[in-house]
Amino acid sequence: MLCEAARMRIATWNVNSVTARLPRLLAWLDSARPDVLCLQELKCTDDAFPTEQVRELGYEVASHGTGRWNGVAILSKAGLDDVVRDLPGQPAYDGAIEPRAIGATCGGVRLWSVYVPNGREPGHAHYDYKLDWLAALNDTVAADTAADPSRPLAVLGDFNIAPTDDDVWDIALFTESTHITEPERKALAALRDTGLADVVPRPLKYDHPYTYWDYRQLAFPKNNGMRIDLVYGDAAVAGAVSDAYVDREERKGKSPSDHAPVVVDLDR
DNA sequence: ATGCCCTATGATATAGGA
């Protein structure tokens with residue numbers, strides 16, 4: 001059960017640099033007014049995170065960033081407790097534990113903001129790292145669930161996996177690529193086996209709820225997109241969903257991220 | 001118009017993104 005609020009809007013957004021996206025981020029928070037926003041690809045240190053400007057809009061901030069790459073955060077107007085940085089048992093890459101996960105409890109809901117490794121290409125060390133990382137995520141979800149089975153839980157973020165062939169604009173172009181391989185999709189299936197469900201958002205336009213469009217080659221106007229930003233919720237969360245959508249408006253205009261926010265409304 | 005890649009960095013290129 002959601003403890004503190006009957007209604008709660010949660011969202012996730014890979015902003016591709018929180019500094020470069022700051023004007024759009026602040027405007028979007030002010031208009032969409034999520035209770036909780038999970039961010040990925042901050043590309044800044046915690047010291048450089050625009051904490052004060054986000055606070056002025058009523059959000060508490062827990063960020064986890066080390067600089068040039070990666071970085072995740074949770075912004076909340078519904079409380080921000082029991083913050084955990086990194087997954088327990090998170091694998092290292094090239095000797096470093098990268099800032100790709102942060103967990104917190106907001107309004108009685110356990111939430112994780114995750115930026116799953118890209119994988120580069122099948123067979124690359126980064127691809128094995130991606131699968132190892134997903135296994136650690138699975139263990140984290142299982143442990144969190146075991147710790148308090150009555151507490152709703154959701155994982156939100158950039159999973160860098162298209163769950164089905166329909167989640168990319170042309171599957172024929174992906175035969176040599178990551179994001180669609182069986183081991184990656186099996187990792188998602190394992191996550192579902194822990195009791196989570198893929199909360200599929202509705203698109204605001206066209207037939208597929210893509211969340212990412214490359215900056216190049218007119219991908220957005222052509223709707224050459226991918227659904228890789230996902231919300232995985234347990235039965236309590238999935239059962240409380242009253243609406244879910246991709247805010248593709250945020251992919252338009254001046255200086256957009258290449259990802260759009262995914263918004264999920266919960267109503268018990 | 002949704003419009004032909006973007007970001008941060010010991011920066012005059014490069015790594016990474018997906």
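Every chain is numbered from 1 and lettered A, B, ... according to where its sequence line falls, protein lines coming before strand lines. Quick note: numbers below take in every heavy atom, side chains included, and nothing from hydrogens, waters or symmetry partners.
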Quick one: on DNA chain B, does K222(A) or T19(A) contact a more 5' nucleotide (nearest heavy atom)?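 Final value for this comparison: K222(A).
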Please figure out whether Y206(A) or G67(A) has its closest DNA chain B nucleotide nearer the 5' end.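 The residue closer to the strand's 5' end, by nearest nucleotide, is Y206(A).
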Would you mind reading off the distance between [X] atom [atom1] and [N] atom [atom2], rounded to a whole angstrom?
X       : N      : atom1 : atom2 : value
F49(A)  : dA8(B) : CZ    : P     : 14 Å
R251(A) : dA1(B) : CZ    : C1'   : 15 Å
R248(A) : dG3(B) : CZ    : P     : 11 Å
L218(A) : dA1(B) : CG    : C1'   : 12 Å
L42(A)  : dT9(B) : CG    : P     : 13 Å
W213(A) : dC4(B) : CH2   : C1'   : 17 Å

Those residues that, when tested against H64(A), pass ring pair (Phe, Tyr, Trp, His ring centres under 6.0 Å) (two or more places apart): none
Out of T12(A), V36(A), D243(A), V199(A), which residue meets the side chain to side chain contact (heavy atoms under 4.5 Å, CB included) rule with V264(A)?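 Of the listed options, the one satisfying the test is V199(A).
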Using a 4.0 Å cut-off on protein heavy atoms (strictly under), produce a 5'-to-3' string for nucleotides 11-18 of chain B with B for base contact, S for backbone-only sugar-phosphate contact, and - for none. ---BBSSB
Quick one: are the ring centres of H124(A) and Y127(A) less than 6.0 Å apart?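 Centroid separation for H124(A) and Y127(A): 6.0 Å or greater.
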Q53(A) and Y59(A) side chains, donor-acceptor separation under 3.5 Å: no
Remember a base hit wins even if backbone is also touched, and classify G253(A) as base, sugar-phosphate or nothing at under 4.0 Å, heavy atoms.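 Sugar-phosphate contact only - G253(A) comes under 4.0 Å of backbone atoms but never of a base.
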For [N] versus [M], give the span between their [atom1] atoms, rounded off to a whole number of Å.
N       : M       : atom1 : answer
dA11(B) : dG16(B) : C1'   : 16 Å
dT7(B)  : dA18(B) : P     : 14 Å
dA15(B) : dG10(B) : C1'   : 15 Å

Measure the acute angle between the ring planes of W169(A) and F174(A), then classify it against the limits of 30° and 60° as parallel, tilted or perpendicular. perpendicular
Heavy-atom nearest pair, L39(A) first then V18(A), reads CD1-CG2, 4.4 Å
Restricting to pairs with a member in residues 7-36 of chain A, which pass ring-ring contact (aromatic ring centres under 6.0 Å, His included), not counting sequence neighbours?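 Found W13(A)-W28(A).
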